[in-house]
Amino acid sequence: MTYNRADVWVKNVNVILFSIFFLFLSCAATYAQSPSSQITLEADRVVYFEPEGRAQAEGNVTIRREDITLNAPYVEYLVENSMVFAESKAEEQVVLIWGDRTLRGSRLEYNLVTKEGTMQDASGQEGPVYIYDGNVSVAPPKAALAKGWLAKGDIKKVKEDTHIAVWENANYTTCDAPKPHYNLYTTKMTVIPDNKVILRRPKVYLDGKLFYTYPFNYEISLKDKKTSGSFVYQFKDDSDRGTGIMAYGPVISEDRLSVYAHVAYWTEMNEEWMISGSYNLNDQWDLFASAAYTYNSDEDEKRYRPGWGASYHNQGFSGRVYWSQAESVSIEKEAGVTYKGVLWRSPEVELFTPWINIASDTRSRLALYWGHYEAMGISGTQEASVDRWGYGFEASQSFKPLDKKNNNFTPFIWAQYQNFRYDAKRLKRQEIIDAVYGLRYRIGDFPMVTSYGQRWTTGNSPMSWDDYDDRREIYQTVGIPLGSRWKVAVRAAYDFMDEHLDEVVGSLVYDEHCYAWELIYRDERPMYYSDDEDDWIGLRLVIKAFPETKITFGGEVETITSPAQEVGFIK
């Protein structure tokens, strides 16, 4: 029997109503579905083959069941097992919608009862993630677990009525440009809605050109909008080690266990490596450990440097207990002055309270410290074995722009107080007060940041790494746009106490909408030559993956706030 919607309503309304009723009644009788699970079908043309229990629909076909909607130009429907076969025609795609998620493709095979199926040449979106040019299979969580798509721990984190998707030979990106500026291609990708995306050894492309192949599985958190980290390669010139090539990133990235590797080869120091990992015990506690074989300029030697401990976080409270042996530390005490040395912690304990709002736009938190250390004494010759305990607080205040009309001239303040006691024979106490006052502003097209930092110290520490001096410094950062893509930013620090320029850091940025390259050069004490200066040059790639979190490649370059970041060229 053949029915045409335009003619049937005029000639014989009862015939088409009976046929549609029979179609739905057959499905309901076979699967005993509740009224809320009823399947409805609409189309310009419907043909039902009663002996086969099969219906063909063409032209603006729409099938609905619960929160699932299927739109396609052509559909075949098998009543007995509720299987749907949908195909695209010309520019009309097959569209599968459930909740706020949508899949588009050329061909779909889908079971309306079990909610399992496959789509060819598919594309879709999961939050800020765009996936395209792949074949995808979908299934509910329990079926996905049986297929091996999910781990047992994952099924507890997803809703029962959602779809788990496994993509093959697909592209992933968060770039919203019509032609994405970057994408990750993978042979297999698992999407767990509202939880995470797991890519098998993806290839990273920039503007359609292969950048590198990621050696391990790559994981992106949809809930926290961040990545598990980036395994990349980097060339760097270091004043202590010479010129080297480095590779670093995650080796294992699972819900509870994460393991990272860092290997390097230098022209002057040969190989270095470090393995670090963390394990999530529960919602409050994490265990962590590391093993490193690295060079330290203070000792002028390479050696093994293990470390281990646990971190705590609960309702805003946080803390850490940490042991380390022969730890290589690099501590920037002020602009142009970086301490490099070796430290044993056995252990060190820190505890922080939640941030507390103490006034309008002002917040603060308290800190407690205790630890036993072995380190170089302040005389630079003897080793000191010291117990240290203390307390402190940190406060910051945010302000609204002084020029509210143009959203310009925004002040900021940060302050920290620390009081330490030591069980040494001499140098038994040290008080440290740090304060930074600054202003963010724009003059014409040039964004700027001016900040003044001051430190007041009373007493001294018996250990070099922990001994601080007074300081009075001003930092000036200027951003200079050189067109729509190229930008330059420079930061200089001037020491009022020593009356000389302490540091110059420059950034050259190439911004291509969804990603940016940043070349950073740092010159410590540019007016004075010193064997202790820590000059370096590095390259950072920033993929603007999410509004809150970026994917960055740059090693030690990432440990500083670059001038381009300060003025907002890289956000």
Side-chain angles (χ1 to χ4, degrees), residues 224 226 256-258 260 276-290 292 305-333 339 341-359 361-375 384-398 413-424 427-436 453 455-468 559 561:
D224 299 328
K226 65 181 182 180
R256 290 196 168 187
L257 177 65
S258 298
Y260 288 77
S276 62
S278 64
Y279 181 77
N280 177 241
L281 284 177
N282 50 46
D283 292 339
Q284 289 82 39
W285 287 96
D286 294 297
L287 302 179
F288 59 86
S290 64
R305 308 179 192 278
W308 63 95
S311 61
Y312 173 80
H313 38 86
N314 184 29
Q315 297 181 350
F317 287 92
S318 61
R320 186 181 77 157
V321 54
Y322 180 39
W323 287 262
S324 69
Q325 296 181 0
E327 177 186 356
S328 181
V329 295
S330 179
I331 302 171
E332 185 174 346
K333 296 188 175 183
Y339 170 82
V342 180
L343 179 66
W344 280 257
R345 311 176 200 250
S346 56
E348 175 186 73
V349 181
E350 298 176 323
L351 179 63
F352 300 92
T353 67
W355 287 97
I356 302 171
N357 293 323
I358 58 178
D361 299 323
T362 304
R363 63 176 193 163
S364 178
R365 68 173 181 176
L366 303 178
L368 297 175
Y369 310 97
W370 179 84
H372 177 78
Y373 306 92
E374 295 182 22
S385 179
V386 179
D387 282 346
R388 185 190 76 166
W389 59 95
Y391 63 90
F393 72 85
E394 183 179 358
S396 63
Q397 183 169 6
S398 58
I413 294 177
W414 172 85
Q416 183 181 61
Y417 170 79
Q418 293 175 305
N419 189 317
F420 294 113
R421 295 290 188 270
Y422 308 90
D423 69 343
L427 306 178
K428 294 180 176 296
R429 61 181 293 271
Q430 180 179 212
E431 284 184 284
I432 307 168
I433 301 174
D434 281 293
V436 176
R455 178 185 300 131
W456 300 267
T457 59
T458 302
N460 293 94
S461 167
M463 300 175 289
S464 294
W465 74 275
D466 187 40
D467 189 49
Y468 286 85
T559 62
T561 299

Handout entry: side chain to side chain contact (heavy atoms under 4.5 Å, CB included) between R305 and E327, intermediate numbers included
Key = CA-CA 6 Å; R305 308 179 192 278; E327 177 186 356; 5.7 Å; no

Exercise for the section: Assess whether atom CG of D361 is packed by more than 12 heavy atoms of other residues, nucleotides or ligands within 6.0 Å. Expected result: yes

Practice task
Please round to the nearest 0.5 Å and tell me the distance separating atom OH of Y391 and atom CG of L351.
Solution key: 16.0 Å

Completion exercise
Rounding to 0.5 Å, atoms OH (Y260) and OG (S278) come to a distance of 7.5 Å

Exercise for the section: Give the minimum heavy-atom separation between E374 and S385, together with the two atoms involved. Expected result: CG-OG, 4.0 Å

Problem - CD1-OG distance between I413 and S398, expressed to the nearest 0.5 angstrom - result: 10.5 Å

Handout entry: Results of salt bridge (Lys or Arg N to Asp or Glu O under 4.0 Å) for R320 - residues two or more places apart only
Key = E348

Problem - E394 side chain to W414 side chain, donor-acceptor N/O pair below 3.5 angstrom - result: yes

Practice task
Evaluate the ring planes of Y369 and F352, with Trp represented by its six-membered ring, and classify them as parallel (under 30°), tilted (30 to 60°) or perpendicular (over 60°).
Solution key: perpendicular

Handout entry: Distance (rounded to the nearest 0.5 Å) between Q430 CD and R421 CZ
Key = 10.5 Å

Problem - Considering all heavy atoms, the nearest D467-K333 contact - result: O-NZ, 2.7 Å

Exercise for the section: Establish, yes or no, whether the cationic atom of R345 lies under 6.0 Å from the six-membered ring centre of Y322 and within 45° of the ring axis. Expected result: no

Handout entry: Note, L427 side chain near M463 side chain (heavy atom, < 4.5 Å)
Key = no

Exercise for the section: Might you work through the side chain to side chain contact (heavy atoms under 4.5 Å, CB included) test for V329 and Y339, ending with a clear yes or no? Expected result: CA-CA 8 Å; V329 295; Y339 170 82; 3.9 Å; yes

Handout entry: Step-by-step side chain to side chain contact (heavy atoms under 4.5 Å, CB included) determination, E431 to W456
Key = CA-CA 8 Å; E431 284 184 284; W456 300 267; over 6 Å; no

Exercise for the section: Could you tell me whether the side chain of F393 reaches within less than 4.5 Å of the side chain of I356, counting heavy atoms only? Expected result: no

Handout entry: side chain to side chain contact (heavy atoms under 4.5 Å, CB included) evaluation trace for R429 with T458
Key = CA-CA 8 Å; R429 61 181 293 271; T458 302; 3.6 Å; yes

Fill in the blank from the handout: Shortest non-hydrogen pair, R365 vs P354, comes out as CB-O, 3.7 Å

Practice task
Can you see which heavy atom on L343 is nearest to which on A375, and at what distance?
Solution key: CD1-CB, 3.6 Å

Handout entry: Heavy-atom closest pair, residues F288 and S311
Key = CE2-N, 3.9 Å

Practice task
Work out which heavy atom in A326 is nearest to a heavy atom in V342; give both atom names and the distance.
Solution key: CA-CG1, 3.5 Å

Problem - pair L281-L287: side-chain heavy atoms closer than 4.5 Å - result: yes

Problem - Y373 side chain to D466 side chain, donor-acceptor N/O pair below 3.5 angstrom - result: no

Completion exercise
Residues passing the ring-ring contact (aromatic ring centres under 6.0 Å, His included) test with F317, sequence neighbours excluded, are none

Exercise for the section: Give a yes or no answer on whether the side chain of D423 reaches the backbone of D387 with a donor-acceptor pair at less than 3.5 Å. Expected result: yes

Completion exercise
Value for CG (L366) from CH2 (W355), rounded to nearest 0.5 Å, stands at 10.0 Å

Completion exercise
So CD of Q315 and CG of D283: to nearest 0.5 Å the spacing works out to 11.0 Å

